[in-house]
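Inspection log for the structure reproduced underneath, given as structure tokens.
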Amino acid sequence: MRKTLSILLTLCLFCGLLIGVSNRVLAAEEPECIDGSYLTDDESSEVTVGPLTRGVYLKSGSSSIVKQGTGKIAAGGNTIGQTVVSKISVGVIVERLVNGRWQAYTSWTATKYDSAVVSTSKVLTVPTGYYYRTCCNHYANSDSSGSYTDGIYI
């Protein structure tokens, strides 16, 4: 009886240790999220948003960021209209994580008239040791939407 009790207690302790270790491992694998962007060591991040609920002109838009080597990234976005619109544009903002907050690093806008698509990208040299993400504002006539990538470490 005493031996059985010892074995049961040992099994309970062992199971408790396994559960505790597995919970710590699972928590360690989940990346940190700041303002909707997960902080990753991935080579790239891209996101696409669909049409607005009440929008008639905007079909979709996307943001992307890709590592291009030491201290270099390619960032950009595109906007797609439902059809040809009088004015379509994408505003790109590259943000850098500083002291736990996303701050604008650089930005630009691309606009086309009487078109259904606009796209822009740039290769940038950036300081290393930071997370970067791309945020885009998408416009097609009077419709607008936004998108942003996860943060990648450079």
Side-chain angles (χ1 to χ4, degrees), residues 15-154:
C15 289
L17 285 172
L18 281 179
I19 291 170
V21 168
S22 67
N23 284 342
R24 276 189 230 125
V25 169
L26 287 174
E29 290 176 3
E30 187 174 316
E32 185 178 359
C33 184
I34 297 179
D35 288 340
S37 292
Y38 288 99
L39 306 182
T40 72
D41 289 325
D42 294 345
E43 294 295 311
S44 65
S45 179
E46 183 174 3
V47 66
T48 300
V49 294
L52 295 170
T53 306
R54 294 186 202 109
V56 293
Y57 304 108
L58 181 61
K59 182 174 182 180
S60 65
S62 66
S63 300
S64 67
I65 187 167
V66 179
K67 290 181 184 178
Q68 294 287 299
T70 305
K72 290 187 183 263
I73 59 171
N78 69 50
T79 302
I80 300 173
Q82 295 282 6
T83 184
V84 172
V85 294
S86 58
K87 182 179 179 182
I88 189 166
S89 64
V90 59
V92 180
I93 305 166
V94 175
E95 294 183 329
R96 177 172 64 178
L97 188 65
V98 178
N99 296 324
R101 297 187 64 138
W102 291 109
Q103 297 179 355
Y105 178 75
T106 190
S107 64
W108 68 93
T109 301
T111 302
K112 283 191 173 181
Y113 298 92
D114 299 319
S115 181
V117 178
V118 64
S119 183
T120 182
S121 65
K122 291 184 179 183
V123 175
L124 306 167
T125 300
V126 296
T128 59
Y130 295 93
Y131 286 94
Y132 291 87
R133 76 175 180 177
T134 301
C135 302
C136 290
N137 297 308
H138 310 282
Y139 303 96
N141 285 349
S142 58
D143 291 349
S144 66
S145 186
S147 65
Y148 52 88
T149 66
D150 286 332
I152 62 172
Y153 190 75
I154 305 297

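Counting from 1, the numbers follow the sequence of the chain as shown.
Ser121 contributes atom OG, which lies 7.5 Å from atom CH2 of Trp108 (distance to the nearest 0.5 angstrom). Considering CD1 of Ile152 and CD1 of Ile65, their distance stands at 4.5 Å, rounded to 0.5 Å. The CG atom of Asp143 sits 12.5 Å away from atom NE2 of His138, with the distance rounded to the nearest 0.5 Å. The structure places CD1 of Ile73 at 9.0 Å from OG1 of Thr125, a figure rounded to the nearest 0.5 Å. Between the OH atom in Tyr153 and the CG atom in Leu39 there is a gap of 11.0 Å [rounded to 0.5 Å]. The OG1 atom of Thr83 sits 10.0 Å away from atom NZ of Lys59, with the distance rounded to the nearest 0.5 Å.
The two residues Tyr132 and Pro127 have their closest heavy-atom pair at OH-O, 2.7 Å. Across all non-hydrogen atoms, the minimal contact from Tyr139 to Ser144 is CD2-CB, 3.5 Å. Taking every heavy atom of both residues into account, Val94 and Leu124 meet most closely at CG2-CD1, 3.9 Å. When all heavy atoms of Ser115 and Ile88 are compared, the pair lying nearest together is O-CG2, 3.9 Å. For Leu58 against Ser145, the heavy-atom pair with the smallest separation is CD2-CB, 3.5 Å. Taking all atoms of both residues into account, the shortest heavy-atom contact from Tyr148 to Cys135 is CB-SG, 3.7 Å.
Counting heavy-atom neighbours within 6.0 Å of Tyr105 OH, excluding the residue itself, gives a total above 12.
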Please evaluate residues Asn137 and Ile93 with respect to the criterion side-chain contact (heavy atoms from CB on, under 4.5 Å), reporting the C-alpha separation (whole Å), side-chain torsions for both, the decisive distance (0.1 Å), and the verdict. CA-CA 8 Å; Asn137 297 308; Ile93 305 166; 4.1 Å; yes
Before giving the answer on side-chain contact (heavy atoms from CB on, under 4.5 Å), spell out for Val92 and Thr134 the whole-Å C-alpha distance, their side-chain angles and the decisive distance to 0.1 Å. CA-CA 7 Å; Val92 180; Thr134 301; 3.8 Å; yes
List the steps and the verdict of side-chain contact (heavy atoms from CB on, under 4.5 Å) for Val98 and Tyr130. CA-CA 7 Å; Val98 178; Tyr130 295 93; 4.2 Å; yes
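For residues 75-96, every residue pair satisfying the salt bridge (Lys or Arg N to Asp or Glu O under 4.0 Å) rule, not counting sequence neighbours, is listed here: Glu95-Arg133.
Residues meeting the side chain to side chain donor-acceptor pair (under 3.5 Å) test with Asp150, sequence neighbours left out: none. Every side chain to side chain donor-acceptor pair (under 3.5 Å) that Ser86 has, sequence neighbours left out, goes to Asn141.
For the residue pair Ser147/Ser63, the side-chain donor-acceptor check at 3.5 Å is satisfied. For the residue pair Ser37 / Trp102, no side-chain donor-acceptor distance below 3.5 Å is found, with atom types taken as modelled.
Here the side chain of Ser44 pairs no donor or acceptor atom with the backbone of Lys67 at under 3.5 angstrom.
Each of Ser64, Ser62, Ser119 was evaluated against Asn78; a single residue qualifies, Ser62, per the side-chain hydrogen bond (donor to acceptor under 3.5 Å, both in side chains) test.
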